[in-house]
Colleague: 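Sharing a structure with you now.
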Amino acid sequence: MRTNRLPLAASRDGSRRPGWRGACLAASLVVSCAASRPPPALGTSALTGTLRLVPHEGVTLPGRADSYGDRALRDAELVDYSSPGFAVVSVAGLESPRGTVRVTLRSTRFASRFEPRYAAVGVGGEVAIRNGDDQPRALSCPGAGVLTSVAPGAEVTVAAARSGELRCFALDRAEPHGEAAEATVYVAPGPYTVVDSDGGFVLDGLGTPPAGASAPATVVVVWHPRFPPLERSVALVPGSSERLDLELRVR
Amino acid sequence: MTARAFRAWVAALVLVVASTASAAEPLGSISGTVRTALGATVPLANVGPVVVFLATPDRAQPVAVPADSPEISQKGARFEPPFLLITAGQTVRIPNDDSITHNAFSYSKPNAFDLGLYPKGDARTITVREPGAIRIFCSIHKSMNAVIFATPTPWHALAAADGRFRLADVPAGHYVISTWNERLPPVTAAVDVVAGEASVVSLTIPASGG
């Protein structure tokens with residue numbers, strides 16, 4: 001009997017996972033779907049594209065140079081350019097979606113961590129931080145002027161009043177290597193989306209700049225926790241979709 | 001030395017001392033403590049460097065910037081030291097003391113910079129024009145992070161683990177004293193420095209928000 005499921009291939013551990021043919025089929029479906037995206041709803045526009053991290057030319061990678069025989073250097077973790085990781089594409093000048101993003105502080109025997117480590121919310125929104133531990137925790141968000149103790153299971157709401165990075169820390173425990181548990185929330189200036197693991201992004205349902213805006217061009221802002229922010233101007237026309245392929249790089 | 005020469009030498013010395021005393025500003029000091037309203041729940045030893053510094057809202061003439069150039073070395077795929085306290089206007093030297101290529105860049109406004117890639121033995125510099133925190137990264141190595149904090153005046157200090165600090169040789173006058181820490185909100189207070197006296201300030205970062 002034929003089914004419409006993706007072809008599966010047996011893996012070494014005996015489980016069955018989609019094989020390369022399945023992956024190719026899925027990829028072609030994604031491509032064909034993307035190519036045939038429906039036009040934006042009446043009066044709105046859309047923005048699609050990709051984000052890529054660009055490494056320096058001529059950088060020596062581990063294993064290719066004798067200098068990496070030095071253990072300290074050989075064990076040094078490299079910046080991963082193969083995927084953008086957590087990155088946000090937002091549109092400034094349009095109404096912010098505001099919203100609430102939820103973050104939970106948890107700890108193990110060895111360390112504390114916020115889940116998720118990175119998040120995004122629209123300016124004017126809120127960050128709800130829950131203490132997932134069974135002990136009170138000290139929470140500090142310097143950029144929002146917050147320093148407070150959070151009871152076990154309780155939640156603290158931090159206003160995302162200004163666009164940019166909002167960093168929050170748990171400070172009551174000494175963490176390994178002198179680090180503190182940290183959550184970084186990017187407060188987007190307008191509509192935003194988190195970039196996919198493959199670098200693709202889609203922002204649809206975008207309104208038009210407010211009446212009286214001096215120019216039809218809108219500024220697209222790209223934020224990444226480690227790379228300099230990137231800004232591009234784009235003219236969003238109601239009923240149409242614009243494409244932007246963006247690159248983040250350091251000299 | 002003859003008696004006449006000795007008298008001349010003493011007279012010259014008195015002149016020098018007198019002119020130095022008239023040119024120097026009357027100095028005082030500030031000492032005190034920094035703590036958080038959460039008390040022992042947040043040990044300062046857990047939060048990293050706590051900076052205490054002065055700003056001079058009423059001072060007409062610009063303050064002198066130290067002439068030395070402190071360093072942050074790139075060594076073992078780390079920045080060393082990982083924190084540097086300087087005065088705005090100072091130049092920081094960033095040598096590559098590793099056997100591999102490194103980069104140093106920052107997107108902290110308004111002191112953003114990008115020194116590009118440079119090899120072992122090379123050193124590049126940045127002059128920090130504005131006060132504030134500057135987070136520094138290497139574009140190759142994830143472990144390479146550092147912070148420079150530039151204060152608006154040379155009167156700054158790091159608080160000890162118990163919160164105590166002392167700012168010495170401060171010209172008499174009216175100041176704003178502030179704290180900075182990467183993980184804590186700041187606290188600010190007004191303080192007067194009196195020549196020959198030690199002012200005492202207690203700075204408490206309030207519990208707020210949430």
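Numbered from 1 within each chain, the chains take letters A, B, ... in sequence-line order.
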Colleague: Among Asn145(B), Asp98(B), Asp114(B), Leu184(B), which residue forms the greatest number of heavy-atom pairs with chain A at distances under 4.5 Å?
Modeller: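 Highest number of heavy-atom pairs under 4.5 Å: Asp114(B).
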
Colleague: Between Ala40(B), Ser139(B), Pro206(B), Pro186(B), who has the most heavy-atom pairs with chain A when the cutoff is under 4.5 Å?
Modeller: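 Sorted descending by pairs with chain A, the first entry is Ser139(B).
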
Colleague: By ring pair (Phe, Tyr, Trp, His ring centres under 6.0 Å), which residues pair with Tyr118(A), not counting sequence neighbours?
Modeller: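 Tyr118(A): ring pair (Phe, Tyr, Trp, His ring centres under 6.0 Å) contacts with Phe86(A).
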
Colleague: Heavy-atom cut-off 4.5 Å, strictly under: side chain, backbone, both or neither for Glu126(A) against chain B?
Modeller: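 For Glu126(A), neither part sits under 4.5 Å from chain B.
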
Colleague: Mind ranking Val42(B), Asn46(B), Thr41(B) by heavy-atom pairs under 4.5 Å with chain A and telling me who comes out on top?
Modeller: Asn46(B)

Colleague: Taking heavy atoms only and a threshold strictly under 4.5 Å, list by residue number the residues of residues 95-112 of chain A that touch chain B; give 'none' if the list is empty.
Modeller: none

Colleague: When rounded to the nearest 0.5 angstrom, what is the spacing between CG in Leu236(A) and CG in Leu94(A)?
Modeller: 6.5 Å

Colleague: Strictly distance-based, threshold 3.5 Å: is any side-chain N or O of Asn181(B) a donor or acceptor partner for the main-chain N or O of Val47(B)?
Modeller: yes

Colleague: Does anything in residues 132-139 of chain A get under 4.5 Å of chain B by heavy atoms, and if so which residues?
Modeller: Ala138(A)

Colleague: Can you check whether Pro84(A)'s main-chain N or O pairs, donor with acceptor, with His224(A)'s side chain at less than 3.5 Å?
Modeller: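 Flag set: sc His224(A) to bb Pro84(A) pair under 3.5 Å.
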
Colleague: Does Arg129(B) CZ have over 12 foreign heavy atoms under 6.0 Å away?
Modeller: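 At most 12 heavy atoms, drawn from other residues, nucleotides or ligands, come within 6.0 Å of this atom.
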
Colleague: Working to the nearest 0.5 angstrom, can you tell me the gap between Ser106(B) OG and Leu115(B) CG?
Modeller: 10.0 Å

Colleague: Check for a donor-acceptor pair, side chain of Glu197(B) on one end and backbone N or O of Val194(B) on the other, with a separation under 3.5 Å.
Modeller: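 Looks like no, no N/O pair under 3.5 Å.
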
Colleague: Considering only heavy atoms, which portion of Asn103(B) lies under 4.5 Å from any heavy atom of chain A: side chain, backbone, both, or neither?
Modeller: side chain

Colleague: Could you look at Pro82(B) and say if it's the side chain, the backbone, both or neither that has a heavy atom under 4.5 Å from chain A?
Modeller: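 Contact with chain A involves no heavy atom of Pro82(B) at all.
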
Colleague: Side chain, backbone, both or neither: which part of Arg249(A) has an atom under 4.5 Å from a heavy atom of chain B?
Modeller: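 For Arg249(A), there is no contact with chain B at all, as no heavy atom is under 4.5 Å.
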
Colleague: At a heavy-atom separation under 4.5 Å, does Arg226(A) approach chain B through its side chain, its backbone, both, or neither?
Modeller: both

Colleague: Chain A heavy atoms under 4.5 Å from Arg135(B): which part of the residue, side chain, backbone, both or neither?
Modeller: side chain

Colleague: Would Glu115(A) and Arg113(A) pass as an ion pair if we require N to O under 4.0 Å?
Modeller: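 The answer is yes: the pair qualifies as a salt bridge.
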
Colleague: Side chain, backbone, both or neither: which part of Phe105(B) has an atom under 4.5 Å from a heavy atom of chain A?
Modeller: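 Phe105(B) touches chain A through side-chain heavy atoms alone.
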
Colleague: Are any non-hydrogen side-chain atoms of Arg183(B) and Arg167(A) less than 4.5 angstrom apart?
Modeller: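 No, every pair of side-chain atoms sits at 4.5 Å or beyond.
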
Colleague: Any salt bridge linking Glu77(A) with Lys142(B)? Criterion: basic side-chain nitrogen under 4.0 Å from a carboxylate oxygen.
Modeller: yes

Colleague: Looking at Ser73(B) and Asn96(B), would you say the former's side chain and the latter's main chain have a donor-acceptor pair under 3.5 Å?
Modeller: no

Colleague: Sub-3.5 Å donor-acceptor pair from the side chain of Asn131(A) to the main-chain atoms of Val150(A), do we have one?
Modeller: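 Yes, because the side chain of Asn131(A) sits within donor-acceptor range (under 3.5 Å) of the backbone of Val150(A).
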
Colleague: Could you measure the distance from the CD atom of Glu242(A) to the OG1 atom of Thr218(A)? Nearest 0.5 Å is fine.
Modeller: 10.0 Å

Colleague: Checking Phe114(A) now: which residues fulfil ring pair (Phe, Tyr, Trp, His ring centres under 6.0 Å) with it, not counting sequence neighbours?
Modeller: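 So Phe114(A) forms no ring pair (Phe, Tyr, Trp, His ring centres under 6.0 Å) with any residue.
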
Colleague: By a 4.5 Å heavy-atom criterion (distance strictly below it), what part of Phe227(A) contacts chain B: side chain, backbone, both, or neither?
Modeller: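 Looking at Phe227(A), just its backbone touches chain B.
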
Colleague: State which residue, out of Phe149(B), Phe165(B), Trp155(B), fulfils the ring-ring contact (aromatic ring centres under 6.0 Å, His included) condition with Phe53(B).
Modeller: Phe149(B)

